[in-house]
Amino acid sequence: MLNQQRSLSEIPKMSGASQAERAVLEEEFNWLLKEEVHAVLKQLQDILKEASRRFSMPTPGLESQLKQENYILGSSAMDQVKGVLTLQGEALTQADINLKSAKSNQVMHFIFREEKQWKLQQIQDARNHVNQALHLLSSRDDSYHFKTGSEVNKLMDAVMLQLTRARNRLTTPASMTLPELATSDLMKMFSPPMPGDMMVNFYINLSKLCLTVYHIHVMQPNTTKNFRPSGSSVLHNPGAMFELNNAKFEVSHVHKVECVVPWLNDTLVFFTISLQLCQQLKDKIAVFSSFWNYRPF
């Protein structure tokens, strides 16, 4: 049994290590490359397979196997926006929304047209990055022998890059301009059609599924002298302006509602644990490397 009792953090202090000590360290480092690296890779694969399973896509013809989950949206702002969203994997398969008109205070009811569903690109991209990380890990099976610490670091860096990208897709919604929102295919999803003075957007933020509703109005000619078009943003505030089809518009009211999606929270936890495992392995390699690189005067 190798001597595993010595703390790895002590290794750099052993500048006067004897040849015997060096031999033991070399043996421990070889054990790390041969055994511990593969144990960590297996652990990472198990965790990321769980993450991938959360994102799982339905098999063609077996769509019903992928669970449909309903999430209730509610707004505390005098219930301006209420509704139920149905999520199946990366797709919003139904949205049943009640919106209160800013002008008339009348409640309007919208649902997705029967043949329509809205793909959430953030979930799709995050899933693809997780699967890419799994592909990298599976390319080094148990029979593969890592020869150097830098080879392990290179693999860990590649896996960490995919996991960071996956996490960033869920934590950082895409910015959009108001004209992009106004002309989005999402505006064609609803029955009855969304009125011209309303715009909506769906996106993921961390473990939450968010719906933002914008009420807009045409700017009067005498006010357009102060027209300043807004740039790209995740959330536009009242007063934001934009131009579309030679007309100038201003956002009058904004309502944001959200609901927690528990399995998205699970995946974010899996990403954090996996990134920590990768970094811990890199730290162990670094401790050994600092010893090998030591050169006495």
Side-chain angles (χ1 to χ4, degrees), residues 1-15 17 21-57 122-172 204 206-207 263-295:
M1 182 68 180
L2 296 176
N3 177 15
Q4 295 298 318
Q5 301 305 312
R6 185 194 302 105
S7 166
L8 290 176
S9 62
E10 294 174 21
I11 294 172
K13 302 171 188 172
M14 300 174 57
S15 55
E21 288 281 357
R22 288 172 180 271
V24 169
L25 285 170
E26 193 162 346
E27 197 177 354
E28 288 184 349
F29 187 60
N30 288 335
W31 180 87
L32 177 76
L33 290 179
K34 187 179 178 185
E35 302 292 340
E36 188 166 356
V37 169
H38 282 292
V40 173
L41 297 191
K42 173 71 166 60
Q43 200 175 354
L44 283 167
Q45 281 184 289
D46 289 346
I47 294 168
L48 294 181
K49 280 175 183 173
E50 276 299 307
S52 182
R53 192 171 64 79
R54 299 295 197 281
F55 289 119
S56 60
M57 288 292 291
Q122 288 173 266
I123 294 180
Q124 193 171 357
D125 290 347
R127 188 193 76 236
N128 290 341
H129 287 306
V130 169
N131 289 341
Q132 188 60 37
L134 278 169
H135 176 72
L136 288 165
L137 292 166
S138 63
S139 68
R140 300 287 184 264
D141 62 19
D142 289 344
S143 64
Y144 184 83
H145 179 56
F146 289 93
K147 296 177 182 63
T148 63
S150 61
E151 188 184 4
V152 177
N153 281 341
K154 188 176 176 183
L155 176 60
M156 290 298 96
D157 285 341
V159 171
M160 289 173 82
L161 178 63
Q162 294 301 326
L163 293 178
T164 302
R165 286 175 174 171
R167 184 174 64 183
N168 287 349
R169 285 302 284 131
L170 298 180
T171 59
T172 313
I204 300 296
L206 293 165
S207 59
W263 65 262
L264 281 176
N265 191 60
D266 292 346
T267 59
L268 289 166
V269 172
F270 291 148
F271 295 159
T272 300
I273 294 170
S274 299
L275 285 162
Q276 287 172 346
L277 282 171
C278 292
Q279 188 59 53
Q280 285 166 5
L281 187 54
K282 286 186 67 178
D283 290 345
K284 287 186 179 181
I285 298 287
V287 168
F288 277 107
S289 298
S290 66
F291 177 75
W292 305 137
N293 294 338
Y294 176 79
R295 295 287 182 270

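Basis for what follows: all heavy atoms, side chains included, without hydrogens, waters or symmetry-related copies. The first residue of the sequence shown is numbered 1, and numbering continues consecutively from there.
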Side chain to side chain contact (heavy atoms under 4.5 Å, CB included) between Met156 and Leu41: does it pass, once the steps are laid out?
CA-CA 9 Å; Met156 290 298 96; Leu41 297 191; 3.5 Å; yes
Please report the shortest heavy-atom distance between [X] and [Y], naming the atom on each side.
X	Y	answer
Leu33	Val37	O-CB, 3.7 Å
Ser52	Leu134	CB-CD1, 4.0 Å
Leu277	Val40	O-CG1, 4.3 Å

Would you compute the distance between atom [atom1] of [X] and atom [atom2] of [Y] and round it to the nearest 0.5 angstrom?
X	Y	atom1	atom2	value
Asn168	Gln122	CG	CD	11.0 Å
Leu206	Asn265	CG	CG	9.0 Å
Leu281	Asn153	CG	CG	7.5 Å
Arg127	Arg169	CZ	CZ	12.5 Å
Thr267	Leu48	OG1	CG	11.0 Å
Gln280	Ile285	CD	CD1	13.0 Å

Partners of [X] by side chain to side chain donor-acceptor pair (under 3.5 Å), sequence neighbours excluded?
X	value
Asp283	Gln279
Asp266	Arg54
Lys34	none

Enumerate, atom names and distances included, each donor-acceptor pair closer than 3.5 Å involving a side-chain atom of residues 268-276, sequence neighbours excluded.
from   : atom 1 : to     : atom 2 : distance (Å)
Thr272 : OG1    : Leu268 : O      : 3.1
Ser274 : OG     : Phe270 : O      : 2.8

Step through it carefully: locate the ring centre of His38, locate the ring centre of Phe146, and say whether they are under 6.0 Å apart.
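That pair passes the under 6.0 Å test.
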Who are the salt bridge (charged side-chain N to carboxylate O under 4.0 Å, His left out) partners of Asp141, not counting sequence neighbours?
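Asp141: no salt bridge (charged side-chain N to carboxylate O under 4.0 Å, His left out) contacts found.
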Could you list the donor-acceptor pairs under 3.5 angstrom formed by side chains in residues 157-167, with sequence neighbours left out?
from   : atom 1 : to     : atom 2 : distance (Å)
Asp157 : OD1    : Lys282 : NZ     : 2.6
Gln162 : OE1    : His129 : ND1    : 2.9
Thr164 : OG1    : Met160 : O      : 2.7

Backbone of His135 reached by a side-chain donor or acceptor of Ser138 within 3.5 Å
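Judged by distance alone, yes, a pair lies under 3.5 Å.
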Start with the C-alpha gap between Glu151 and Lys154, add the side-chain angles, then the distance that decides, and say whether salt bridge (Lys or Arg N to Asp or Glu O under 4.0 Å) holds.
CA-CA 5 Å; Glu151 188 184 4; Lys154 188 176 176 183; over 6 Å; no
